[in-house]
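Here the structure comes first, spelled out in structure tokens, and everything after it is commentary.
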Amino acid sequence: MSEELFIPAEASKKEKYESLLPQLAALVDGETDLTANLANISAALHDTFSWWWVGFYRVQDEVLVLAPFQGPIACTRIAFGKGVCGTAWKEAKTLLVPDVEAFPGHIACSSSSVSEIVTPIFDKTGQVVGVLDVDSERYDVLDETDVEYLEKISQLITTLL
Ligand code: SME
């Protein structure tokens, strides 16, 4: 595995993801420890897109528990159906929230975060085993391109389970 990411600085968001995806696959190739892989994936996403917060929650004993992330400290436990994360888990689908104030029950781990995407991570039987959460301090950053590629990253993680 290479110790550096190579992401073209002037590229579009889509081009950055296209460059990042094979590098993520190489980064996790041959490593069996899930925590190590989630840690590197969150660091690679944070380096590439400079989001406010990006990381994982894993389902443990019927609750989402904070897992590897990059950014400020965050809430450690989120119940099924609560907040954006718990709702994405319950509905087993990606939620793009352009304005968190407009999402009933949003959990404000950080008052600086104003928009968010949460995508579920499925195991090979289709059960939700965690979520990938991205938070931005801007309203105009997260969009359907992120949804498309974060879902691809979630699918990569499924292959690691
Ligand atoms: N805002 C999330 C909580 C997790 S933090 O943003 C890291 C939610 O509503 O579920």
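Read the numbers this way: they start at 1 and go in the same order the structure lists the ligands and their atoms. Given the structure is predicted, the values throughout are model-derived calculations rather than measurements.
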What verdict does the side-chain contact (heavy atoms from CB on, under 4.5 Å) test give for Glu101 and Val114, after you've listed the backbone C-alpha separation in whole Å, the side-chain angles of each residue and the deciding distance to 0.1 Å? CA-CA 7 Å; Glu101 290 299 323; Val114 300; over 6 Å; no
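- Trp52 is linked by a ring-ring contact (aromatic ring centres under 6.0 Å, His included) to nothing, counting only residues two or more places apart in sequence or in another chain.
- Residues Ile121 and Leu20 are members of one and the same hydrophobic cluster, defined by side-chain heavy-atom contacts under 4.5 angstrom among Ile, Leu, Val, Met, Phe, Trp and Tyr.
- Taking Ala67 as the reference, Phe56, Arg58 meet the side-chain contact (heavy atoms from CB on, under 4.5 Å) condition, with sequence neighbours excluded.
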Start with the C-alpha distance between Ile157 and Ile41, add both sets of side-chain angles, then the distance that settles side-chain contact (heavy atoms from CB on, under 4.5 Å), and finish with yes or no. CA-CA 9 Å; Ile157 294 165; Ile41 291 170; 3.9 Å; yes
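- Under the ring-ring contact (aromatic ring centres under 6.0 Å, His included) criterion, Tyr17 pairs with Phe49, Tyr149, not counting sequence neighbours.
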Quick check on ligand 1: any N or O pairs to the protein under 3.5 Å? One line per pair.
residue, atom, partner, partner atom, Å
ligand 1, 1 (N), His106, NE2, 3.3
ligand 1, 1 (N), Ile107, O, 2.7
ligand 1, 1 (N), Glu116, OE1, 3.0
ligand 1, 1 (N), Glu116, OE2, 3.1
ligand 1, 6 (O), Asp133, OD2, 3.4
ligand 1, 6 (O), Asp135, OD1, 3.4
ligand 1, 6 (O), Asp135, OD2, 2.8
ligand 1, 9 (O), Val84, N, 2.9
ligand 1, 9 (O), Ile107, N, 2.9
ligand 1, 10 (O), Val84, N, 3.0
ligand 1, 10 (O), Cys85, N, 2.8

